[in-house]
Amino acid sequence: MKKLFGCCFWVLCMQVLQSQALYEIPANVETRLSSFENPGAVKGGGGKTNKTAKGNAFEMIQPGQTKPLLDINGEGTVTRIWMTVNISPVMLRSLRLQMFWEGESKPAVDVPMGDFFLHNLGKTVPFQTALFTSGEGRSFNCYVPMPFRKHARIVLINEGREAAKLFYDVTVLMQKLPVSFTYFHAYWSRHYSGKVGDDIEVLPKVSGKGRFLGMSVGLLTDSVYDKTWWGEGEVKMFMDADSTYPSYVGTGAEDYIGSAWGLGTFNHWYQGCTVASEASREFEFYRFHIPDPVYFKKDLRVTLQQIGGGDYKLIRELVKNRVNLKPVTVDGKVFSRLLEMNPSPAIADSTFPEGWVNFFRLDDYAVTSYFYLDKPVSRLPALPSLQTRLLKVK
């Protein structure tokens, strides 16, 4: 098994534990739990607040305040994070979750709390995946294994205007790690402007050796595109010195998460869509590359095309009304690739082929990417401002 998974062995920690007999007790392993009843997961340090009675189940995080969730020295793995707050879409975007490994000053994880736990639109719906769960839509659970050699620190920052009522606990196994392992990272970005034809940077280029674990996406489609379909864009992964052309190219957004011919709600272990509303123009979906691992040895960049589709008559009307779009391909009686036609006919021309037209468009994406890297820090951009994060959030 170690030969199969190599340095990314710990990303499949759950599968390993499932294959291990439950009655076997590994050597030199100690379980710790950090909560407000025992901050820092100190051995023998819990339950002191109220003379062993329940005394400090939650604390308030005032606007501008930073609350430590874990600060521990030693070698081990964070195996589970659970928390809940007074939930609202604004609160979930205003709370900033950060994780630091090995005493570094730059966080490996720096994302809005709600988006990290797959609530990318602030819609707290129940779901269960291999890595994140929310049993009734009121809690936030993470089972991503996060190893560290010397030190781990997790904090939650309230950048909003309302106080947050936080309950939480973090489970840590203090244990000896393999000689070579990779660190957990997460990156968040918002894409709501630009020029037609721009791809979404799901994960800007990171250098090093690691594994792309997957992504969660919250999407608000632009009403100017009427009832056209948004999800023809392909996921691309440029890995290990790929330049113009990537090694990994999919066939469409709903295809990437295992669906087809449009997108409704479904909830599976590794892929799913928790919100799909044509009426409110909201979609929320995820994909985890666990049974189909994506490894990189030198570098990785992940993008998602902004391409939609619709009948040529409807697209022609949109162009007539000066909607910002650019035709890409036509799937008609005779399949045509417009980008290969030189010059390409304008959609208003009589020579434009009849059929389903795929076209570049611009929508509003909030994307969280999850990955492992052989270093505790990356050079990724900082988390965008609260104003950017709260755009269109109510």
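Computed from a predicted structure; not experimentally measured.
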- Flag, side chain of D374 to backbone of K209, donor-acceptor distance under 3.5 Å: yes

- Message: If you count heavy atoms of other groups shown closer than 6.0 angstrom to CD of Q62, is the number above 12?
- Response: yes

- Message: Closer than 4.0 angstrom, basic N to acidic O: yes or no for R287 and D292?
- Response: yes

- Task: List the steps and the verdict of side-chain contact (heavy atoms from CB on, under 4.5 Å) for H191 and L304.
- Result: CA-CA 11 Å; H191 308 264; L304 172 61; over 6 Å; no

- Count the heavy atoms of every other residue, nucleotide or ligand shown that sit under 6.0 Å from CZ of R138, and state whether that count exceeds 12. no

- Roughly how far, to the nearest 0.5 Å, is CG of L220 from CD of E284? 10.0 Å

- Answer yes or no: is there a side-chain heavy-atom contact under 4.5 Å between L325 and L318? yes

- Is the backbone N or O of N324 less than 3.5 Å from a side-chain atom of Y225, with the two atoms forming a donor-acceptor pair by type? yes

- Item | Approximate separation, where rounding is to 0.5 Å, of W101 CH2 and F184 CZ | 8.0 Å

- Query: Side chain of S134, backbone of S139: donor and acceptor closer than 3.5 Å?
  - Reply: yes

- Chi angles and distances behind the ring pair (Phe, Tyr, Trp, His ring centres under 6.0 Å) call for Y168, F36: CA-CA 7 Å; Y168 89 96; F36 287 130; 4.8 Å; yes

- Side-chain contact, heavy-atom cut-off 4.5 Å: I72 with F148? yes

- Query: Short question: side chain of R211, backbone of H289 - any donor-acceptor pair under 3.5 Å?
  - Reply: yes

- Message: Treating R389 as the side-chain partner and P384 as the backbone partner, does any N or O pair qualify as donor plus acceptor under 3.5 Å?
- Response: yes

- Does V206 reach the side chain of H185, with side-chain heavy atoms less than 4.5 Å apart? no

- Note on the structure: So NZ of K43 and CD of E30: to nearest 0.5 Å the spacing works out to 5.0 Å

- Item | Side-chain heavy-atom pair D115, V367 within 4.5 angstrom cut-off | no

- Verify salt bridge (Lys or Arg N to Asp or Glu O under 4.0 Å) between E59 and K67, making sure each step is shown before the conclusion. CA-CA 9 Å; E59 288 188 5; K67 187 71 69 172; 2.7 Å; yes

- Query: Can any side-chain N or O of N38 pair as donor or acceptor with the backbone N or O of S35 at less than 3.5 Å?
  - Reply: no

- Tell me whether M174 is reachable from L177 by hopping between hydrophobic residues (I, L, V, M, F, W, Y) whose side-chain heavy atoms are closer than 4.5 Å. yes

- Task: Report the C-alpha distance between E282 and S277 in whole Å, list the side-chain angles of each, state the deciding distance to 0.1 Å, and finish with yes or no for side-chain hydrogen bond (donor to acceptor under 3.5 Å, both in side chains).
- Result: CA-CA 5 Å; E282 295 175 303; S277 173; 5.2 Å; no

- Task: Using the side-chain contact (heavy atoms from CB on, under 4.5 Å) rule, take L166 and M83 through it: C-alpha gap first, then chi angles, then the decisive distance, then the call.
- Result: CA-CA 7 Å; L166 173 68; M83 63 178 64; 4.1 Å; yes

- Query: Are side-chain N/O atoms of Y192 and D222 paired as donor and acceptor at under 3.5 Å?
  - Reply: no

- Message: For F132 together with F127, are the ring centres under 6.0 Å from each other?
- Response: no

- Message: With a 3.5 Å distance limit and no angle check, can you tell me whether S34 reaches the backbone of L69 through a side-chain donor-acceptor pair?
- Response: yes

- Query: Should V357 and L314 count as side-chain neighbours, where that means a heavy-atom distance under 4.5 Å?
  - Reply: no

- Message: Do the side chains of R301 and E201 get close enough for a salt bridge, i.e. N-O under 4.0 angstrom?
- Response: yes

- Item | Electrostatic pair D311:R316 at N-O distance under 4.0 angstrom | no

- Item | Stacked cation flag K326 on F360, 6.0 angstrom / 45 deg | no

- Query: Considering only heavy atoms from C-beta outward, does the side chain of L390 approach that of S94 to under 4.5 Å?
  - Reply: yes

- Query: Among side-chain atoms of Y143 and T129, is any donor-acceptor pair under 3.5 angstrom?
  - Reply: no

- Tell me, with the steps shown, if R80 and D169 meet side-chain contact (heavy atoms from CB on, under 4.5 Å). CA-CA 8 Å; R80 177 181 179 267; D169 60 54; 3.1 Å; yes

- Query: In Å, rounded to the nearest 0.5 Å, how long is the span from CZ of F288 to CZ of F212?
  - Reply: 10.0 Å

- Message: Quick one: does any side-chain atom of E37 pair with a main-chain N or O of N56 as donor and acceptor, under 3.5 Å?
- Response: yes

- With a 4.5 Å limit on heavy-atom distance, are the side chains of L92 and F140 in contact? yes

- Query: Can you tell if the side chain of E234 reaches within under 4.5 Å of the side chain of Y248, non-hydrogen atoms only?
  - Reply: no

- Item | Donor-acceptor pair, side chain of R32 and main chain of A41, under 3.5 angstrom | yes

- Query: Should we say atom NZ of K106 is surrounded by more than 12 heavy atoms from elsewhere, each under 6.0 Å from it?
  - Reply: yes

- Step by step, would you call N120 with Y365 a side-chain hydrogen bond (donor to acceptor under 3.5 Å, both in side chains)? CA-CA 9 Å; N120 304 79; Y365 287 81; over 6 Å; no

- If you round to the nearest 0.5 Å, how far is NZ of K123 from OG1 of T274? 11.0 Å

- Would you please say whether a donor-acceptor pair under 3.5 Å links the side chains of D363 and W230? no

- Task: Could you state whether L118 and I154 fall into the same hydrophobic cluster, counting links through intermediate Ile, Leu, Val, Met, Phe, Trp or Tyr residues with side-chain heavy atoms under 4.5 angstrom apart?
- Result: yes

- Item | Approximate separation, where rounding is to 0.5 Å, of W188 CH2 and L383 CG | 6.5 Å

- Task: Given ring pair (Phe, Tyr, Trp, His ring centres under 6.0 Å), test Y370 with Y372 step by step and report yes or no.
- Result: CA-CA 7 Å; Y370 311 89; Y372 284 90; over 10 Å; no

- Side-chain donor or acceptor of S369 paired with backbone N/O of V202 under 3.5 Å: yes

- Evaluate side-chain contact (heavy atoms from CB on, under 4.5 Å) for F352 paired with V330, printing each intermediate quantity in order. CA-CA 9 Å; F352 192 91; V330 180; 3.7 Å; yes

